[in-house]
Amino acid sequence: MSETEEIQLSGKCLCGAITFKARSKDGHVGACHCKMCRTWSGGVLFALQDAHDVTIDGEDNLGIYKSSDWGERCFCKTCGSNLFWRSETFKYLGVMAGSIVEEDKLKFVQQIYTDGSPGYYSFAEPTKNMTEADFVAHITAITKS
Ligand SMILES: [Zn+2]
Ligand SMILES: [Zn+2]
């Protein structure tokens, strides 16, 4: 078995009106500490970093809120579960880790907007950490290529 393994994941909202499937190379999860994500998610936002080939069932039930020039936040219109963050600009779809069924396959590896943390919590896992400036430089470099 190679070090990174392509895995199939599934997810759903609380009420089940929306279900989805996603593939992930390694199940890597990142946390975002920015105020916008914390306000939206009710806590720290945990999202799959490398989800691809995402197929959604029940997309009619998906509510969309444009939260910035960069991206939109997608949620279930019935139960309110937060499911996706997506960006046309960065060709990126972040899948909320809490909606994943196979959570035992996920690994917490990265934290972004660490300078946006309110400071009343911290995580013990060793992760790669980036401030807002670090992350903006990182994603700009990735999407330019
Ligand atoms: Zn729902
Ligand atoms: Zn954020």
Side-chain angles (χ1 to χ4, degrees), residues 4 7-145:
T4 57
I7 52 179
Q8 176 75 49
L9 297 168
S10 57
K12 61 182 180 183
C13 65
L14 265 185
C15 75
I18 298 170
T19 59
F20 63 88
K21 295 204 178 308
R23 295 191 68 77
S24 167
K25 189 156 53 53
D26 40 30
H28 283 180
V29 169
C32 184
H33 299 280
C34 85
K35 179 60 177 165
M36 223 185 275
C37 284
R38 287 185 292 105
T39 301
W40 186 56
S41 68
V44 179
L45 183 148
F46 288 96
L48 273 175
Q49 293 188 314
D50 64 339
H52 57 95
D53 295 328
V54 178
T55 55
I56 301 168
D57 267 330
E59 206 162 350
D60 289 354
N61 298 300
L62 203 62
I64 296 167
Y65 175 70
K66 187 169 169 51
S67 57
S68 73
D69 292 340
W70 289 11
E72 305 176 324
R73 295 170 190 267
C74 309
F75 54 92
C76 174
K77 286 194 272 192
T78 301
C79 68
S81 299
N82 298 317
L83 299 170
F84 311 109
W85 182 92
R86 66 186 181 190
S87 172
E88 289 287 322
T89 313
F90 299 120
K91 298 176 177 53
Y92 178 81
L93 177 78
V95 175
M96 297 308 108
S99 63
I100 298 295
V101 174
E102 302 84 0
E103 291 178 299
D104 57 321
K105 293 183 177 171
L106 307 181
K107 297 177 207 92
F108 181 34
V109 298
Q110 179 175 287
Q111 300 180 55
I112 63 170
Y113 285 72
T114 51
D115 51 341
S117 167
Y120 61 79
Y121 57 76
S122 61
F123 298 119
E125 288 79 8
T127 57
K128 180 179 180 187
N129 299 335
M130 288 189 259
T131 63
E132 177 177 0
D134 293 340
F135 178 70
V136 170
H138 169 74
I139 198 159
T140 302
I142 286 176
T143 52
K144 263 185 190 162
S145 60

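Small disclaimer: the values here were computed from a predicted structure and weren't measured. Atoms within a ligand are numbered from 1 in the order they appear, just like the ligands themselves. In what follows, residues are counted from 1 in the order of the sequence shown.
- To the nearest 10 degrees, the angle centred on the Zn ion (ligand 1) between SG in Cys76 and SG in Cys79 reads 110°.
- The side chain to side chain contact (heavy atoms under 4.5 Å, CB included) with Ile112 is formed by just one residue from the set His138, Glu132, Met130; it is Met130.
- Between His33 and Tyr121, the ring planes are parallel. Angles under 30° get that label, and only those over 60° would be called perpendicular.
- Ile100 is listed as a side-chain neighbour of Phe20, based on a closest heavy-atom distance under 4.5 Å.
- Residue contacts to the Zn ion (ligand 2): His33 brings no N, O or S atom closer than 2.8 Å.
- Between the SG atom of Cys32 and the SG atom of Cys37, the angle centred on the Zn ion (ligand 2) amounts to 120° when rounded to 10°.
- Between Phe135 and Trp70, the ring planes are tilted. Angles from 30° to 60° get that label.
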